[in-house]
**Q** 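Quick one: the structure is below, and I'll ask about it shortly.
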Number of protein chains: 2
Amino acid sequence: MAVTISDVASAAGVSKGAVSLALNGQTGVGEDTRQRILAAAKALGWTPSLRARGLKSSKAYALGLVIARDAKLLGTDPFFPAFIAGIETTLAEHEYTLVLSVATARGAEERSYRKLADGRVDGVILTDVRHDDSRLALLRELKLPAVTLNRPDAPSPFPAVCMDDSDGITAAVEHLIQLGHTRIAHVGGAQAYIHGRSRRRAWAEALGAAGLGADLFIEADFTAAGGQTATEKLLAREDRPTAIVYANDLMATAGLSFAQTHGVSVPGDLSITGYDNAEFARYLNPPLTTIAADPLQWGRQAARVLLGLLDGSHDGGDLVLSPPQLVLRASTGPARQP
Amino acid sequence: MAVTISDVASAAGVSKGAVSLALNGQTGVGEDTRQRILAAAKALGWTPSLRARGLKSSKAYALGLVIARDAKLLGTDPFFPAFIAGIETTLAEHEYTLVLSVATARGAEERSYRKLADGRVDGVILTDVRHDDSRLALLRELKLPAVTLNRPDAPSPFPAVCMDDSDGITAAVEHLIQLGHTRIAHVGGAQAYIHGRSRRRAWAEALGAAGLGADLFIEADFTAAGGQTATEKLLAREDRPTAIVYANDLMATAGLSFAQTHGVSVPGDLSITGYDNAEFARYLNPPLTTIAADPLQWGRQAARVLLGLLDGSHDGGDLVLSPPQLVLRASTGPARQP
DNA sequence: ACTCCTCACTAAACCGGTTTAGTAGTAAGA
DNA sequence: TCTTACTACTAAACCGGTTTAGTGAGGAGT
C-alpha cells in the first residue's frame, strides 16, 4: 500500500480531489480526465486505503460476531460454520467484512465486545441470546448497533431475526405421540439460553396439549458427555421413557450410543430425535430423526438486516424466517406395546 | 464514539498531544497532569479510535483468514472452529482481531484476499494449502505477509507452521498391519490439497515398508457422500479390503454406516480408521479409531508466528509442532483369518 | 549573570482519503 | 455586451489520532 492517492494525482497531473471524484463516479471531472485518472490508478496498482476512507466516514466497513463458547464445544456444533457462511454471502455483495471473536471465558466475552467497539466494527450480530442477557446493556453502553437471533426475553432495542425453534420440537413430539409414545423425555440444552428454554417449553406444551405430563426433563449442556449422562439417568428410571427428544444432534448421538451399548434397541425400545440436522446424523445407525434449521439463511438475513439498520434502510422491525422442519429417519419408531 | 481526543484535551485543559502522551505512558507529561488527563478520559468514557491510530501507524491491527470451502462441507469439519479458537487465544493477548472470510466459489477466494488487502488486515493465515497454490503469487502481488499451514510444495517466501499428518497415518497403517491386515485401503481427500497428498503418501509408504502394495486407493472429497461412494466401490471389489484408512472422520462415519447396513460387520469383517478425532467419533458404534490433531494449538501458534513476522521478532523460519496421535478405539480389530 | 539543560507542554504536521468552498473558463440568455 | 449558470477543476479543511519541532520556565553549572 505504498502508493497513495497523491501518487496517482501527480501521475495524472491533477489534484487529489479530482482523483477521488473520478474513482467514486462523482460528477465534477470531465470524461477524458476521468479516464486518464483511472488509467494512472491502474498503472500504479492503486486501491484506496480503507483505513483513510473509514476515518473520514466514521465507518469500519465491518460487522462483528462474538462467539462465547467453550473451544471444545465449538467444533462440535454445525451451526456456526454454516451461519458464518451465510453472513458472508451477504457481505460478499457489500464492501463489508466480518470480524470474528471467540471468547471462551465469560469475562473474555465482554472484553471482546469492548475490543470491537473501539471502531473495528459498525455493528454486531448477537447469537446464543441468554435469559436476561447482560450484553444488551453492554451494547447500549458501547453504542453498538446490533441484531439479535430471536427476540430476547428482556426488552431489546435491536431488531431480531427470528427462526422459531418451537415448531420443530412440537412436530417431533407430535410425531412421537402419533407413534404411540406416552413417556417422552427431553434432554435440553443449557436453560440459560433462550433457545434452550424455548425448546423445552415447546416440548412441554406439545405434551400438555396431548394430556401428557412433562416431568421427564433433564437439563444438559449441549455436549456429548452431557447427553450421555442425561440418557443414563433417564434409562435408569422406573418409568423409563420410550422416546427422548434431544436439544441437539450431538447429545442425541451420545444418547444413541449409550442406549445401544446397554442393550436398549433404537428405535425398538427407544425412539430418539435430535436437532440441527448435522451432516453425520444421517450416517448414524440408525439414521437420526432430527430437526433441520437453515443456519445459512439465518446468517444471510441477519447480516442483511444489520446492514440495513446501519444505512437506515431497515425500519427496525423483526424479520421472521421460515421455521426448521422435522426430518424423519429411522431413529424413531412405534412405541413397543407393554 | 462521539467523544474524541480533543474533547478529553479541552476537558483536562491540555493539548491533544498531551492526552496522547499520557494515554500511552510516554514521558513528557507530569504525573499530576497525567492523572488529570486519565481521569477526564474515564469521565468522558473515551477510548482512542483504532481507525485514526491505524491511519497514522499504517496498521490494521487485524489478521485475515480466508476459508475456501463449500458451505455444506464447512459445518461438517471440526477443524476450523477449533483452529479459529486457537487463533483467538493468541489474539486475545494482543490488540489484534481476526477478519474471517468464507469463499464458497473459486473466484470468490481471490476476491476475498483482494478485499482484505486494501488495508483491512496486516497479514493472513493460509490454510488448506493446495498443490501449486496460486495464492502464493497472489499474496506476493498484494504484498500481504502470511504464514502457511505446513510447507507448500512450491517455493514459498512465508514461514510455515507445521503439523505433519503423515506420522498419524503411518501409525494407523502400522497398527492395522500388526492386527494382521494385508489389504488396507485408503479413502483420501481431494488430492489438490497438500494434506490430501501427504496422507496418501504416508499410507502408501507405510504399506511399502511392510512389503504390501498400495493399490487400494480412492480419491474422495472429504464429504460423507464421497466417503460412502468410495466405500461402496471398495467393498464391491473381488479383493475387498479388510481395513480402510479414511482421510477424515466424516468419510469414515459414512463408510461405517454403509458397511453396517450392508451386512459387513465392523471391526469383524472390516476395520476402519478416521482422522480429526471429531467429538462424535467416540460416540459411534463402534467408537471410531482415529487420529487426533490439535487444531487449537495449531491456530494459536500460527497466529503467534504471524504476529512475530509483523513486528519483526520472528526470524522467518518454520515452526514444527508435535504431530497428531493415533487414538485407538473399537472400530479396528484383528483381521479375520481366511 | 550568563549559558546550558532538562522538563512539561503546545502547535502544527502528518497519515490517506473525502468533501466543501472557491476559481477560472465557457456558453446561454436578456 | 453584460449578467447568469454551469462545468471542470484546485486548494484546503477535515476525520482522530500520533509525532515532531518548538517554546517557556526553572534549575544547575561556571
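Just so we're clear, the structure is a prediction, and the values are computed from it rather than from any experiment. Naming convention: chains lettered A, B, ... in sequence-line order (proteins, then strands); numbering from 1 in each chain.
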**Q** What is the separation between atom CG on A:Leu55 and atom P on D:dT18, rounded to the nearest whole Å?
**A**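 My rounded result for the distance is 12 Å.
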**Q** Let me know the distance between CG of A:Leu50 and P of C:dG17, rounded to the nearest Å.
**A**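 Those two atoms, CG and P, are 10 Å apart.
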**Q** Show me the side-chain donor-acceptor pairs of residues 74-81 of chain B shorter than 3.5 Å, one per line, residues at least two apart or across chains.
**A**
unit_1, atom_1, unit_2, atom_2, d
B:Thr76, OG1, B:Leu73, O, 2.6
B:Asp77, OD1, B:Phe79, N, 2.7
B:Asp77, OD2, B:Arg69, NH1, 2.5
B:Asp77, OD2, B:Arg69, NH2, 3.4

**Q** Hey, is the side chain of B:Trp46 poking within less than 4.0 Å of OP1 or OP2 on D:dG17, counting only N and O atoms?
**A**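 Yes.
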**Q** Which side-chain N or O atoms in residues 144-158 of chain A pair as donor and acceptor under 3.5 Å with protein atoms at least two apart or in another chain?
**A**
unit_1, atom_1, unit_2, atom_2, d
A:Thr148, OG1, A:Asn150, O, 2.9
A:Asn150, OD1, A:Met163, N, 2.8
A:Arg151, NE, A:Asp318, OD2, 2.7
A:Arg151, NH2, A:Phe158, O, 2.8
A:Arg151, NH2, A:Asp318, OD1, 3.0
A:Asp153, OD1, A:Asp132, N, 3.1
A:Asp153, OD2, A:His131, ND1, 2.5
A:Ser156, OG, A:Phe158, N, 3.1

**Q** Just the rounded figure in Å: distance from C1' of D:dT18 to CZ of B:Arg51.
**A**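 B:Arg51 atom CZ is separated from D:dT18 atom C1' by 17 Å.
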**Q** Taking side chain to side chain donor-acceptor pair (under 3.5 Å) as the definition, give me every residue that meets it alongside A:Tyr61, ordered by chain and number, with sequence neighbours left out.
**A**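 Result, side chain to side chain donor-acceptor pair (under 3.5 Å) vs A:Tyr61: A:Ser57.
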**Q** Find the distance A:Gln26:CD to D:dC9:P and express it as a whole number of Å.
**A**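 Result: 14 Å.
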**Q** Figure out the CD1/P separation between B:Ile5 and D:dT19, and round it to whole Å.
**A**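 For the pair B:Ile5 CD1 and D:dT19 P, the rounded distance is 11 Å.
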**Q** Would you indicate which nucleotide in C:dG17, C:dT19, D:dG17 comes nearest to any side-chain atom of B:Arg53?
**A**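 The nucleotide sitting nearest to the side chain is D:dG17.
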**Q** State which residues pass side chain to side chain donor-acceptor pair (under 3.5 Å) with B:Arg34; sequence neighbours excluded, sorted by chain then number.
**A**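 None.
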**Q** Given axes from five pairs at either end, by how many degrees does the helix from C:dA1-D:dT30 to C:dA30-D:dT1 bend, rounded to 10°?
**A**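 One end's axis against the other's: 60°.
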**Q** Tell me, please, which residues at least two apart from B:Thr127 pass side chain to side chain donor-acceptor pair (under 3.5 Å).
**A**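 Once residues adjacent in sequence are excluded, B:Thr127 has no partner under the side chain to side chain donor-acceptor pair (under 3.5 Å) criterion.
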**Q** NZ of A:Lys59 versus P of C:dT18: gap in Å, rounded?
**A**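 Going from NZ in A:Lys59 over to P in C:dT18 covers 12 Å.
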**Q** Residues in side-chain contact (heavy atoms from CB on, under 4.5 Å) with B:Ser101, at least two apart?
**A**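 By the side-chain contact (heavy atoms from CB on, under 4.5 Å) rule, B:Ser101 matches A:Glu88, B:Val66, B:Ser112.
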**Q** Measure from the side-chain heavy atoms of B:Ser20 and tell me the nearest of D:dG16, C:dG17, D:dT19.
**A**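 Ranking D:dG16, C:dG17, D:dT19 by closest atom to the B:Ser20 side chain puts D:dT19 first.
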**Q** Using whole Å, what does the distance between atom C1' of nucleotide C:dG16 and atom CG of A:Leu23 come to?
**A**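 Distance, rounded to whole Å: 13 Å.
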**Q** Quick one: side-chain contact (heavy atoms from CB on, under 4.5 Å) partners of A:Thr89, sequence neighbours excluded?
**A**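 With sequence neighbours excluded, A:Thr89 shows a side-chain contact (heavy atoms from CB on, under 4.5 Å) to A:Arg300, given in chain and number order.
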**Q** Tell me which donor-acceptor pairs under 3.5 Å the side chains of residues 19-33 of chain A have, and how far apart each pair is, sequence neighbours excluded?
**A**
unit_1, atom_1, unit_2, atom_2, d
A:Asn24, ND2, A:Ser20, O, 2.8
A:Glu31, OE2, A:Gln35, NE2, 2.8

**Q** Going by heavy atoms closer than 4.0 Å, what residues in residues 32-39 of chain B are next to DNA chain C?
**A**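 Contacting residues: B:Thr33.
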**Q** Using 0.5 Å steps for rounding, measure from the OG1 atom of B:Thr97 to the CZ atom of A:Arg120.
**A**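 With rounding to 0.5 Å, OG1 (B:Thr97) is 4.0 Å from CZ (A:Arg120).
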**Q** Kindly write out the residues that satisfy ring-ring contact (aromatic ring centres under 6.0 Å, His included) with B:Tyr113, not counting sequence neighbours, or none if the list is empty.
**A**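 Partners of B:Tyr113 under the ring-ring contact (aromatic ring centres under 6.0 Å, His included) test: none.
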**Q** What N/O pairs connect the protein and nucleotides 10-14 of chain D at under 3.5 Å? Give each pair on its own line.
**A**
unit_1, atom_1, unit_2, atom_2, d
D:dT10, OP2, A:Ser15, N, 3.0
D:dT10, OP2, A:Ser15, OG, 2.9
D:dC14, O2, A:Lys56, NZ, 3.3

**Q** Is the closest side-chain heavy-atom distance between A:His195 and A:Asp128 below 4.5 Å?
**A**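 With C-beta onward as the side chain, the pair touches.
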**Q** How many whole angstroms separate atom CG of A:Asp7 from atom C1' of C:dG17?
**A**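 Interatomic distance, CG of A:Asp7 to C1' of C:dG17: 13 Å.
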